[in-house]
Amino acid sequence: MAAGFDPSGRLPDVFTNAGTSSFTAFLSKVAPEMLPGRRALPPGMAADLAPHATTIVAIAAAGGVVMAGDRRATMGNLIAQRDIEKVHPADAYSLVGIAGTAGIGIELMRLFQVELEHYEKIEGAMLSLDGKANRLASMIRGNIGAAMQGLAVIPLFAGFDLAAKDPALAGRIFSFDVTGGPYGETGYDAIGSGSLFAKSALKKRFRPGLSVDDAVRLAVEALYDAADDDTATGGPDLIRRIYPVVMTATAEGTHRLTDAETSAIAESVVAGRMENPGG
């Protein structure tokens with residue numbers, strides 16, 4: 001008989017009596033080595049050893065929020081992947097995008113999804129949007145050791161605030177620093193290596209009260225501008241038919257634009273730039 005095997009087949013009590021609404025806290029007790037920030041790393045910088053995800057933009061619109069991300073992952077001067085997906089639903093009313101070390105970022109994003117689902121199952125209620133941002137901040141803080149060795153992950157979080165008094169102002173955006181500090185953003189934000197160029201484009205074009213459709217178009221244009229000046233950001237690939245991932249969060253929930261919808265917008269943006277390359 002294997003050592004430690006329970007012939008009754010019963011799970012240990014810690015699994016049937018979680019005792020916490022935080023899945024991350026539960027995991028830190030049961031299997032801390034599975035948390036991204038708890039793994040032992042060799043000394044020295046490791047930034048060039050793993051693919052990196054790049055530019056994500058988020059825009060607050062009338063009645064919701066839009067988030068979009070390019071599809072390129074880079075490793076040094078090489079394109080590691082052309083069709084990575086960096087924007088995902090966090091839960092029914094919120095979105096999360098990741099920039100930085102791609103593998104850790106995807107793992108952190110999936111852990112965040114489980115964190116929110118676990119809380120809802122244990123408490124029977126959904127966390128507030130601010131509560132979700134704070135949970136994500138604590139998870140980023142747990143990765144600070146790896147971040148100091150070059151394996152940093154910076155997410156962008158946005159969602160529809162069900163507690164907002166005015167539905168037109170319910171779309172909210174949160175940015176974070178490498179230590180986990182959460183910051184509420186007004187109107188729009190961008191992260192990743194192309195964020196400087198994306199935010200410059202958004203600064204000129206953003207207006208409060210944009211419709212969701214107009215915000216979607218603006219997000220794709222901002223990513224195009226980022227790709228125009230940042231080698232790590234991928235623009236629309238018309239030959240391979242690889243387009244940005246674009247998602248919305250509104251009172252109806254989260255929604256990902258179909259490939260047909262995104263391609264129509266991206267091809268329209270490219271056609272416009274052929275007539276006026278400067279935008």
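A quick note: this is a predicted structure, and the numbers were derived from the prediction, not measured.
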Mind jotting down which residue pairs meet the salt bridge (Lys or Arg N to Asp or Glu O under 4.0 Å) criterion with at least one end in residues 118-128? Sequence neighbours excluded, please. Glu117-Lys121

By the salt bridge (Lys or Arg N to Asp or Glu O under 4.0 Å) test, which pairs, at least two apart or in different chains, include something from residues 178-194? Asp189-Lys199

Same apolar cluster (I L V M F W Y, side chains within < 4.5 Å links), [X]/[Y]:
X: Val216; Y: Met67; result: no
X: Val114; Y: Leu108; result: yes
X: Ile140; Y: Ile98; result: yes
X: Ile104; Y: Ile84; result: yes
X: Phe112; Y: Val153; result: yes

Which distance, rounded to the nearest 0.5 Å, do you find between the [atom1] of [X] and the [atom2] of [Y]?
X: Glu107; Y: Leu111; atom1: CD; atom2: CG; result: 7.5 Å
X: Arg273; Y: Asp228; atom1: CZ; atom2: CG; result: 7.5 Å
X: Asp229; Y: Ser193; atom1: CG; atom2: OG; result: 11.5 Å
X: Met75; Y: Thr101; atom1: CE; atom2: OG1; result: 12.0 Å

Run Ile59 and Val65 through side-chain contact (heavy atoms from CB on, under 4.5 Å) and show every step you take. CA-CA 6 Å; Ile59 303 171; Val65 67; 5.9 Å; no

If only side-chain N and O atoms count, and only distance matters, is there a donor-acceptor pair under 3.5 Å linking [Y] with [X]?
X: Thr262; Y: Asp259; result: no
X: Asp230; Y: Thr54; result: no
X: Lys86; Y: Thr55; result: no
X: Ser268; Y: Arg217; result: yes

Could you tell me which non-hydrogen atom of [X] sits nearest to which non-hydrogen atom of [Y], and how far apart they are?
X: Leu129; Y: Ser94; answer: CD1-CB, 4.2 Å
X: Ala198; Y: Ala190; answer: CB-CB, 4.0 Å
X: Val96; Y: Pro155; answer: CG2-CB, 4.2 Å
X: Thr254; Y: Pro89; answer: OG1-CB, 3.9 Å
X: Val246; Y: Ala68; answer: CG2-CB, 3.9 Å
X: Phe176; Y: Phe174; answer: CE1-O, 3.6 Å

With side chain to side chain contact (heavy atoms under 4.5 Å, CB included) as the test, pick out the partner of Leu218 among Leu210, Val57, Leu223. Leu210

With heavy-atom distances below 4.5 Å as the criterion, would you say the side chains of [X] and [Y] are in contact?
X: Val66; Y: Met247; result: no
X: Gln113; Y: Asp91; result: no
X: Glu115; Y: Lys132; result: no
X: Pro51; Y: Thr74; result: no
X: Glu261; Y: Thr258; result: yes

Tyr119 vs Arg135, side-chain contact (heavy atoms from CB on, under 4.5 Å): CA-CA, chis, key distance, verdict: CA-CA 10 Å; Tyr119 179 92; Arg135 287 292 176 99; 3.6 Å; yes

Partner residues of [X] under the side-chain contact (heavy atoms from CB on, under 4.5 Å) criterion, sequence neighbours left out:
X: Val178; result: Ala147, Met148, Ala152, Ile154
X: Arg207; result: none
X: Ser211; result: Asp213, Asp214

Under 4.0 Å between a Lys/Arg side-chain N and an Asp/Glu carboxylate O for Glu85 and Arg256? yes

Please determine whether a side-chain nitrogen of the Lys or Arg among Asp225 and Arg205 lies less than 4.0 Å from a carboxylate oxygen of the Asp or Glu. no

Tabulate below the donor-acceptor pairs under 3.5 Å that side-chain atoms of residues 156-173 make, not counting sequence neighbours, or state none.
from: Asp161; atom 1: OD1; to: Ala163; atom 2: N; distance (Å): 3.0
from: Asp161; atom 1: OD2; to: Arg172; atom 2: NH1; distance (Å): 3.0
from: Asp166; atom 1: OD1; to: Ala168; atom 2: N; distance (Å): 3.0
from: Arg172; atom 1: NH1; to: Asp130; atom 2: OD2; distance (Å): 3.0
from: Arg172; atom 1: NH2; to: Asp130; atom 2: OD1; distance (Å): 3.0

Sequence neighbours excluded - ring pair (Phe, Tyr, Trp, His ring centres under 6.0 Å) pairs with any residue from [range]:
range: residues 221-268; answer: none
range: residues 64-91; answer: none
range: residues 177-222; answer: Tyr188-Phe206

Taking only residues two or more places apart in sequence or in another chain, which ones pass side chain to side chain donor-acceptor pair (under 3.5 Å) with Ser263? none

Heavy-atom count check: over 12 atoms from other residues, nucleotides or ligands less than 6.0 Å from Asp83 CG? yes

Decide yes or no on side-chain contact (heavy atoms from CB on, under 4.5 Å) for Arg72 and Thr233, but give the supporting numbers first. CA-CA 6 Å; Arg72 178 176 291 177; Thr233 303; over 6 Å; no

With sequence neighbours left out, write down each residue that passes salt bridge (charged side-chain N to carboxylate O under 4.0 Å, His left out) with Lys203, or none if nothing qualifies. none

Using a 4.5 Å cut-off between side-chain heavy atoms of Ile, Leu, Val, Met, Phe, Trp and Tyr, which other residues end up in the same hydrophobic cluster as Ile239? none

Arg141 vs Thr179, side-chain contact (heavy atoms from CB on, under 4.5 Å): CA-CA, chis, key distance, verdict: CA-CA 5 Å; Arg141 201 171 298 121; Thr179 64; 5.7 Å; no

If we ignore hydrogens and angles and just use 3.5 Å, is the side chain of Asp70 paired with the main-chain N or O of Gly235 as donor and acceptor? no

Main chain of Arg241, side chain of Asp237: is a donor-acceptor contact present, judged purely on distance under 3.5 Å? no

